[in-house]
Each structure stands twice: as structure tokens, then as C-alpha cells.
Amino acid sequence: MTITVKKVSLKRTASDQIYLPAILKGLVTTARHFFKNTLTKGMGDVDTIRYGEPDVNVEDYYPQRFRGVHRLMHRDDGSVRCVACMCCSTVCPARCIYIEAEDRGGDEEKAPKSFVIDELKCVVCGFCVEACPCDAIRMDTKAHMHPTETRADAVLGKLDLMKRGTQSVAHQGGVGADFRTAAPKADPRFEHDPR
Amino acid sequence: MHASFFATLLSVLRRGMGPWSALLLPWVLTLGACAKDPAPEQVSVRAEPGSLIFHPDTEPLPIEVVNHGKRPVPVQGFQITGNDWSSFSIVEPINGQMLVPGRPLRFSVRVDAETFRGGTLPSAVQGETRELGPDEFREGEAVLAFRVGEETHEVPLTFEDPSWVTATLLPGLLKVVLLVLGFIMPLASLLLWQERKQSAMMQDRVGPNMARISLGGLTIRLWGLLHIATDGLKMFFKEDFIPRRAHRAMYTLAPIMALVPALVVFAIVPFGDALCYERLLDVLAQADVDQCAAGRGGTPLQIAHIDVGLLFYFAIASLATWGATLAGWASYNKWAILGALRASAQMISYEVAIGLTIVGALLVYGTLEPHALVHAQLDSAWGILLQPVAFVLFFTAAIAETKRAPFDLPEGESEIVGYFIEYSGMRFGLFFLSEFIEIVFVSALVTTLFLGGWALPFEMFGASGFAAPWVAQLFFTLVGLIIGATGVAVWRASKHARFVGATMLGVGVLHVCVALFSLMTGWGSEVPHVVVVLVGMLTWGVKVFVLCWLQLLIRWTLPRFRYDQLMSLGWKGLLPLSLANIALTAIVIYALSAAGTIDPEPTDAEGEAAAAQLGATP
Amino acid sequence: MADTTPPKRSRSSATIPPLAPEPPPPMSVPHSGPIPVAMGPDLSPVDAPAPHAPNLPAEPIEGEDAVSMTIDGEVVVVRKGTNVLEAAKRLGEDVSHFCYHRGLSIAASCRQCLVEVEGMGKLQPSCQLAVQDDMVVHTKNDRVAQARQDMLEFTLKNHPIDCPICDKAGECTLQRHYMDHDQSLTRVDVAKIRKPKHKDIGREIVLDAERCILCSRCVRFCEELPQTGELTMIRRGDREILDIADGHRLDNAYSINVVDICPVGALTSKDFRFAVRAWELRATETTCPGCATGCSVELHSKHEQAYRLVPRFDASVNGHWMCDEGRYTYKELDPATRTRFASIDGRQLPIAQALAATAKRLQGKKTAAVFSSTATNEANRALAALADHMGADRFVLGRPPGKADDLLRDADKNPNTRGAHAAAGEVRHEAELSLQIAGRAYEAVIFLDDEGEVSGVVRSSLSSLTSVILSDRRNALSDACTIRLPAASWAEHVGTYTNRQGRLRVIRPAWRPEDDRHPRAELVRELLLALGGRDIGTAREQARAVAEEYEHEELLALLTDPQPTRPRLLRFGNSRG
Ligand code: SF4
Ligand code: SF4
Ligand code: SF4
Ligand code: SF4
Ligand code: FES
């Protein structure tokens, strides 16, 4: 195979300098699009999804990894799955997650006393979801944050966030995921039984 | 000719209209079969103008007797009769002679205005009389009669002294209504929508399409056209915000200062030839129309007939800079003042270029008056052919004057937002609207200066109608097919454009029907005056619209200049080029007139040709 | 151990939480009974050496034997008797380890510190291996790396990987070693062994036995420092756990140190439990204001709120340790009780106006200047200048004496008794102050600090005097005074204390004083200027004078270059323990 080198002159020719040929070329291009889109069936190259049209369901068009408004997932007993590890609030580039931890009791020990996301500050990057070790926070709601009357209304608390939440069945840590349940409930060899 | 015409028609129908042609085809064929050749030639001698109207200060008026037929006929027995026959006289007495087609008989009629001065007039109230003052004239009538063969032709001669109201005010109002309310405002508002829709279409987007009216179960979306109304509503109901430290009076004045000059400059734009009030349904000759254009018995379709029209434009257009500058200064905002500075510098720079590019055209046509300019173009050739360089330069500079991309530095949405950054609501709306009015104006001016104003190309349409019936048929067919096919395409393109598409299809079909009507009756070369006026205005409107479209196309195609590039384009590009254009034009004109190629008084070349043709076909 | 959920202490309480009664100390306590603070205390330096730290850095000490050896191809000269781990550290090589601690005896139980020594067949625990001349050690070769990784895998076999809920996460040695040396996925597919979690084992401490890696640091600490020995290992092998010895609870006065030395999150402090993540904190090197010992500490804070004090190694004062009581001094910094603005007769004023009004009221009055043994040297010296100017009578007020022991705690609970008395010079008895104030012997009184106890009678009579208090937080005393000037707390400015050994102890700002708060020395200076006195210089200048007087290099450097006064973010900084 031979390689041919095409030498391109970078000199400005007369036709470059009077602009007009290039301008005309540009106009022809845009005009071509104009006519094609205006006059061909189905609007030519227009690929826009008509969100907001009565017969269009937005969710049909959202990709699977679309990031919507946050939600907090539940445990089997309906309590919040989050363990207030602060990973999300740490990784959040907008610093819009505020968590206060409390003692939950039981082996999970830690739970958020308050979990607040300021959706106005949120830049919808999804880092919080990536960071969460517990599958506690998700953005797969396919719902947009609704406009609110006041700024305070856009600050979602734990209960707001849990409203959209469902029970998460995610397993933690791969192979030994459900090690807690797989382990013997009470080992008679320990006098200090945690349960 | 007919066969090929049908073949073309059919192929166009088949390609352009697809299944729709099936509906039209039988109908077209039936009508086509009924088509017959135009009616046989008849003797037709006309006096042009068909009536003479004298004002107190009019010079002797020229009149021509023209043979439009194919055979020479004798004309004789010229005399003046009627009430005031004694006040009128034919300047140089003429005798009867054979009138050859294409060689009109020219003479003039004079009036002795003094005979109408003063005296008593019967008043409107029965039985009373009114004493006229020494400066007042009464009205008078007479008839210029002559015989053509056995036929007697009569040309009414009228003397009148119109008041300011009838001569100036009423026609002025009529034209303002026609132009401003009937054309500019609707077009400017349409552009508000078109700008967004067109840019969307150019960029493969959908654009505005959500505004709708629901009537019962029927939802009308009109391709988003209703956004014009919603935009207007929005502007009216938005908060009218004035920054605390703004200069309130100037701040309020600025949008008006921007809008008013933009509207005032339209005064000089001719949007048609002339309108003869009393003879709307007659078939008129160019001479009649010229008489109306001179203000006798009609009015030119131009709001202000100013001899220095273009100078007036320059004067007013530079006032528009005020609007931008005031807005920027009064807003008490640094971005606004930056935008204002940019705007004033830019507009001043490009006004120079605008002025100089027009000079070339002025040299060629020898007038500053736009109406006369158009006529001059019709007599020679359109400005775009004679002055292509000036056209490009002028169009460029004029776009720069409108402060739109690629010259939108005063607005610079991405960095300073511009001189109206503090404006909201309808005040901002006024700026916005004046911008679009300026677009319309630029288009109108380019139409006037370079595109032959209201005229259709190739002299296919004159004062009395189409050049020939087949021209009318061809014209209506083509226009009808283009509009109809576009309508169909638009219908199919988008659900929301169906109403628009159907309307266009209807208009197209109407055109084809007119073509068929002409085909069957030979109609076309003699058209009532009112239709001629309408066609002229429509032609002008279409040209303006296409230029607006072109400006939007440019605006959404080219990226913005940097400020130094803008300045160097203005001062180092457009200015020298326009100077060169002036010099070149002057040299060519001087050379040609020295060589005798162009003559101030054009010879009657057409008449000679017609006579020669006549001789060839007995 | 019925209650497995440790009660959480209230964070907003501004007072030092009452500690549970201590078990009778196993060792003799020298100072029993209250120390008469104001009765001309014995201000000669006390010889109180820091607790013995058995393992020192390997730097050769002049006049002692040195050893030359080769570590990873580099020759290094170290002190004779030190171990290979320290020797490697001298070269900047951090041999991973869990159980070795400089302040404790060597157990060599974790086997994380294995290195290869030429001539010795098996890998050797470097913490336990004494250096010898011409020893050739490899700390980085493949064999050692593999050993480390294998050890980590063992350690992690039953580790719960609780990091999301583990208070140690972010400063955990196990996390750090995993990231540095292992980073492999688990191969364990059997159930992990369960052990007790969140077991309340003492006044301050919660134990999570699952997280424990059995390094025995905590056991050794309890045996060697407070010598109480409450902790012990029970069971063997996989099922070995740490626990408290029968009939004991981990209630000694130094118990929270086990939280610091625990390399993992097995022992957590109830006070700090779930309060904040370690990586959110900023550390400021400062001095504990809890007693006359003046331990070197780090103040960990976030957003102008303090979360804990942890000891900082200081060979001459506190070694690696600090007492539990001292840790709670940070509660004084509670933002909820801070005095933020000046107030005169209950009316809030801008500080400049308040100072002018105060000076006006003090003008020409018979005044008592009350020095404070909790305030800095600079503040006390400034007050001395003011007292000179006004001809005021001098008193010293401080916290009442408390418990003391041989290890660190001093009965004098004030950080700067020595400095205050040195500045005040001749003082009158504290008891007299109460009498004089109650008897309206003074028209005005200036309190330098709001620490110290006065009776209700005195407090009520304060309201009828011109009583000025430089207050950093609201308490009974500051509320009783008519003029309250907002002073910066010890976490908000640079200053010095003089501890019982006569050493200068430096406090540094963890955050800027908010609102109208200013260092006390600054406020006193303004008052003095307003009263027509001489300019004694800004607080910084005064601190510089003190530093020069004591020839304190560190403080001098600090005042010249403010960079080191900035708190350092703990995140990615280091892992303690
Ligand atoms: S999506 Fe991004 S910005 Fe929003 S809360 Fe999560 S991490 Fe923060
Ligand atoms: S949502 Fe997830 S990442 Fe955030 S605190 Fe809760 S458990 Fe941690
Ligand atoms: S001790 Fe360390 S590794 Fe273990 S759970 Fe706590 S932070 Fe994680
Ligand atoms: S609790 Fe901590 S310090 Fe004690 S043995 Fe376990 S890991 Fe070591
Ligand atoms: S540090 Fe050496 S064995 Fe643990």
C-alpha cells in the first residue's frame, strides 16, 4: 500500500479573501437543510423527539441510564437503606447532599437521621449513585425535578426521597453478599450474642 | 405550442404532485380540450392616456393616439367639445392621417387655468351660491374627440384644483394603511416566528410548534404560527422592569427612538406603480398610470414622493443609532453601554459604505427618487444586472445596519447581551420588532434599488396586463404549480403544517384555474387596473419576503465577526470597493455616452420593429 | 451488658460532661485534696516527665552506639537497639504494620511487618527484629510483597468490611494497607465468622469485635499505661476475640486512647460515634486546655465546629497520650453558646462602640482586675498593663481543682496558672474577691475569662457594678456581668500557655473568629488605648514578645509565616492509629 501525501495550500486565495464563494457554499448547505426539512415527509433530517406532545411518552425515549430526580431505596422492613456513610455527600461536586447520621440499632448500626438533597444545586452528574456502596440512592426515576414555587420546595428531605423509593434487592460485595443472613444467626460459642 | 405546454404540465403534475395529479388530471384535460386560440385581431386604436386631468399649474399635457392593431387605420376630425371647450386647446393643430401600428400620433393639450379662477359656484345647499376667492378655481370639463374610421373616440378633459385633503392626506392615509398595517407589521410579526422556525429547519430541529387553539375537538396548531400571538401576549404581560438607577425618561424614549425611524424610512419605498381611483376597473395604459403617479387622478403607491428620497433615508436611518445608544446609556449597565458603543460605531461605519454603494446606482439611473429609480430600471435593466458589485456591497452593509448576525456585536448574546439587556416586556418587544422592521426595510430597499421594485421580470407584465395571453398562462401555471406542490409537501412534512399546506395548495389550484381560464378565453393582455395594482404589490411583497428569508438564512448560517474584523471589513473592504465601484461606473458611463451608445432620449425601437413586422405579414 | 446500644452523648452540651465515678486508681495519687490555687501557688517548675515511650525513632543519638546496615540496597546508620521497622522508616520506607506502636511494647502478633533478611531463611517480623551491624534487609521485594498481601488476605478473611458505617473509615490502617498492598478481590466464599458488634464495653468505648484484627495494641495499652488491664483476648484461632476481663469495664481515665491506637474501627468512641466522617475533618495542632499539663493535641474540626481532640506526640509533655477528661474540653467550643457580639446592659452593640462605652464607664472607677488562669499569657499580660494603668487590685480566677494522677492529669485544671500568676504579680486571694464584690468594695470589675466559679451572691451583686467580662461563651458568670465583650476562644487565635513544667505551650487557630469575636489580648489593648494608656501591641505582637522571651523557635516561625497555622485536611492526609 502506498501512502500519498496531499499537500494542502494554506495560502489565502483570492476567492478566500472575498469570502463570497465560501459564504455561498455555506448558504447552500443551510438552505439545503431548510428545504429538505420543510418539504420532505416526516421533516427530513429532524430527529427531535417531540417531548411534550400529547401522544409522546417521554419515558419511552429516555435511555436506561438516564438520571432523573433522586430516590432513596428501602430495606425489607421499609426503613431507609442508606447507612449514612457520606460517600455521596463527599463525592458530590455540587456539595448539595447534607446527611446527619444516627444510630439505627441492630447490625446495620448507622442510618441517616436527616438526608437532604438540594435539587437546585444538584448538577445531575450521578456521582452520588456511583459512590453509594449500598444501592441506597438512585436516579433511575425517569422523572425530572418539578419546578417549585420556592427554593425551599426544591430541597428534598429523607421522606420525600423515600417516597419514590422501592425495596432494593441489590447484593453487597459480590460473592459474600448476603453473608449476614448466610451466617448462623446465633453462634452458641459466643456468650455475647449480638442479636 | 399547446402540445408541449400540456406535456410539460403533465410531467410537472406527475412529479410534483404525485397522487394529487390524479385528481386534477381529468379536469385539466377537459378544460384543455375546450381551449381555443385567442379572439381574432380587431382594430384597436387608443388614446393614451385615456383621459387628461389638468391642475392649475400643469404644463401642456402630452397625449398619444396609438394603434394597437395590425393594420393602419385613418384618424381624423380632432376637436374639443363640451362645457368648457373654450378653455382647452390643442397645442399644435393636427390633421387627419393614416395611423400605422407602432407609430403613435403625438400632440399636446393645453388649458387656460385663468378662465376657471374665481366666480360663483352653486353651493351644496339648494338655491344658494358661493363666491370663490381669487385663489380658488372651479372645476371644468371638456372632451377631446376624434374619429377612427367611422368610430368616434372621446377623451375626457378635466380641470380640477384638488384640496390638500384630497390630494395629500387621504391618499397618504390610504397608503400608510396599505403598507404599514397591511404589510410591514404582519410581515415583521411573521418574521418573529419565521426566524425561529426557519433556524430550526436549517438546524434539523422542530422549532416552535406547540402554541395551539382548541375549538371543540379541533386543535389548530398552524405549524407554530400561533406563537406570534403567544409571543405578543407574553411581551404584554411580562414585568415592565426599569433598573433603579436608569434614566427613566431616556430609558422610556429609547425603544420608541428605535422603532420610529425604522417605520418612517418606509415613506420613500414604492410598493407599486400608481393607483387611479376612478378607473379601477378600466384597462389602462402606462401613460394613464404615469398621470396618476404624477398625482393627477390618482396617487403613486409610495407614501411620500420625495425628490431626494434616498437622502431622506440616510438622514432617518442614522437616527436609528440613537435608539441603540440611548438604550445603552440610559440602562445604567456596563454591558448595555458596551453594546451601545459597539452599535453606534458599527452603524456609523457602515452607513458610509451604504451611502457610497448607492452612488453607483444613482450614476446609472440618474435620480434619487425611488419611484423614478424603479422606472429607470424598467426602462433599462434591473440594478442587480447593471450594478452587481453595488448589490453585494449594499446588501452586506445593510445587513450590518440591522445589527444582526454575522454583525450582531451590539447584541453579542454570548458575551454582553447588548444595549437592551435591561429591557423587558413590551419595551424589549419594541426593540425586537424594530429589528425585524429593519429587516423588512432592507429587503424593500434592495428590491427598489436592485430588483426592479414591483415589476415582474422580462417585461412580462405591464400597466395594461401581461405581454400576451400565453405569458399569463405560463405564469399562472408555473406559480400555481410551485405553490401547490409546496403546499402538498408542507402538508406531508408535518402534521401541524397541514392547515398551512392545504391553504397553499388551494392558492396553487386557484392559480392553475386562472391559467385555464386564460387558456380558454384568451384573457391576459388586458387586465383591469385594480388587478394590475394588486399583482404589482404582490410581486413587490414576494420579492421583499424572499429577501427577508435570505437574510434569515444568512443570519443563521454565518458566525459572528470579531469586532476588529467587523471594522476592517467596513473600512478596508466595503468602503474602498464601493469607491472603486463608483469610479468604474462613472468611467463606463462617460465612455458610453461619449461613444453615443446611450442616449438620454431612447428611440422608439419597439415601434420600428413592430412596423417592420407588420410589413412582413400583410 | 444488657444495653448493646451505647447512649449517645449530647453534642450541644457546653459543659464538660460529668464523668462516671472512677474506679479506685490502682496507683497512688500524689495530690489529694484541692490545691489552694490563689494562695501563692508553688510556681516553680514541676518535674513531670512524659510517659515512657519504649520505641523511639531510629536516629542515632550522639554519644550512643550506632549500627550500620543495608536496607533495600541503601546503607543506613541507626541507633543501636532499635528495630528494623524503625530503621526502614528512617529511609522513608513505611513497612506496613498493625500491632507495632512506638508508645507500647512489641508483641509481633500481626505479622504484617514481615521483611526478608539475608541469611535468615524465613521472613522476619521487622518490628521485633533488633538491628545488627551489616544486616541486609529487603522490605520491598516480591517475596515480602506477596507475604504482605497474604497477611492482608488473612486479616480480611473475617473482616466485615463495614467501611460505610465504620467510624475509622478514612483513617483506617487496614484500608490504607489494602489500598497500598493488596487491592485484590475476595476469594472467600464461605460465611464469615460472626462476632459481637457494637458492644458497650466502657464509659467511653464501643467494641465491634468483628472489625478487630487482634493486634493487641489496646490490651497492651491498658496494661502498660494506666496499668488497669481491663482488656484481654479470649478464645483461639478464627474465633479469637477481644473482650473485657470478667467483672471489669474499660473505665480508666485514659480509655479513649485505645480508639486512637486501634488500627481499625473495632474500638470507637461513643462521643465521636457517627458524628462526622474522618475525611471531612481538618486538623489543627494545638494544646489541650484541660489542665496544667498542657498535652499536645490535634483539634479536629469541620465548618467552625470542633468534633474531637486527639493526642499529638510530644516527647517532653505527653508522649503519645492524653486523658479522657481533656478530650472533652472541645465541648466549650460549641457554636450554640458562643458569645458573638458585645452587649452592654443586655443591649447588643458593635464592638467598636461597645469598647468605647466600656472605657467610658471604667474611667476613674475603683476596679478589680481578675486575671484568668485559663486565658493565654498574652491576655494576662495585657490585663496586667491595664491594671497598672488603672491602679486596679489584682485577683486570679480559674477552674476549681480536680483529679490528678501520675500519668498525665494534674489537679490544677487550668492550662495557664503559672502564666497568669507570672503576669499578675502580687495578687489577692480569690476568696477576698467574692467578699469585696459582694460588699460593693469595687465600682468596677474586669473578668479576663468566663471560667471559674463564683457564688450566686457574688453573681447577683455583679449586676449593680460595672462588671466587664471578656467572654467566649455564655455561662452563669458571663450572663451575670453587665458588659460582655466577645472574645475569641482557644480554637480561634494564636496564643501561649505556660504549663506546670514551665514550658510554653502554643495554641493555634482552627478557624477565624466569627462575628465580633477578637482575641482577649486585642480587646484589652483596645480598652487600654481608649482609657488613654500606652499601646501594648496587637495580640500577635504580644505573642511574638512572649516567643522571644522564651526563645520558642516554633512559635516564632509560626508568627512569621502564618502558613502552618492553617488547619490541614485529614482527607488523604494520613491514617492515625
Ligand atoms: S447527582 Fe451529582 S450533584 Fe446531584 S446530588 Fe448526586 S453527586 Fe451531587
Ligand atoms: S446514600 Fe449511599 S452513599 Fe449516600 S450516605 Fe447513604 S449509603 Fe452512603
Ligand atoms: S476497620 Fe477499616 S476496613 Fe474495617 S470496616 Fe472499618 S474502615 Fe473498613
Ligand atoms: S481492638 Fe483494635 S487495638 Fe485492640 S486488638 Fe483489636 S484491632 Fe487491635
Ligand atoms: S507490626 Fe510487626 S508483627 Fe505486627
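Naming convention: chains lettered A, B, ... in sequence-line order (proteins, then strands); numbering from 1 in each chain.
Annotation: side chain of Cys92(A) is not in contact with side chain of Phe127(A) (no heavy-atom distance under 4.5 Å). Residues Leu385(B) and Pro388(B) fail the side-chain proximity criterion, which asks for heavy atoms closer than 4.5 Å. Cys85(A) is listed as a side-chain neighbour of Pro133(A), based on a closest heavy-atom distance under 4.5 Å.
Remark: aromatic rings of Phe395(B) and Phe450(B) are distant, center separation not under 6.0 Å.
In this model, a donor atom of one side chain and an acceptor atom of the other lie less than 3.5 Å apart for Thr585(B) and Gln387(B).
Partner Thr447(B) forms a side-chain contact (heavy atoms from CB on, under 4.5 Å) with one of Val544(B), Val546(B), Val442(B), Val542(B) and no other, that one being Val544(B).
Between the Glu435(B) side chain and the Lys403(B) main chain, no donor and acceptor come within less than 3.5 Å of each other. In terms of modelled atom types and a separation under 3.5 Å, the side chain of Ser349(B) and the main chain of Gly570(B) share no donor-acceptor contact.
The part of Leu558(B) that comes within reach of chain A is its side chain, from C-beta onward, which places non-hydrogen atoms under 4.5 angstrom from that chain. Looking at Leu20(A), the atoms closer than 4.5 Å to chain B (heavy atoms on both sides) all sit in the side chain, from C-beta outward. Only the side chain of Leu569(B) comes within contact range of chain A, judged by heavy atoms closer than 4.5 Å.
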Heavy-atom donor-acceptor pairs under 3.5 Å, chain B with chain A:
| residue | atom | partner | partner atom | Å |
| --- | --- | --- | --- | --- |
| Met201(B) | O | Asn37(A) | ND2 | 2.4 |
| Asp204(B) | OD1 | His33(A) | ND1 | 3.0 |
| Asp204(B) | OD1 | Asn37(A) | ND2 | 2.7 |
| Asp204(B) | OD2 | His33(A) | ND1 | 3.4 |
| Asn209(B) | ND2 | Glu53(A) | OE2 | 3.4 |
| Arg221(B) | NH1 | Glu53(A) | OE1 | 3.3 |
| Arg221(B) | NH2 | Glu53(A) | OE1 | 2.9 |
| Arg221(B) | NH2 | Glu53(A) | OE2 | 2.7 |
| Ala493(B) | O | Gly42(A) | N | 3.3 |
| Ala493(B) | O | Met43(A) | N | 3.4 |
| Thr557(B) | OG1 | Thr30(A) | OG1 | 2.8 |

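Of the listed residues (Ala489(B), Ala200(B), Pro406(B)), the one with the most heavy-atom contacts under 4.5 Å to chain A is Ala489(B).
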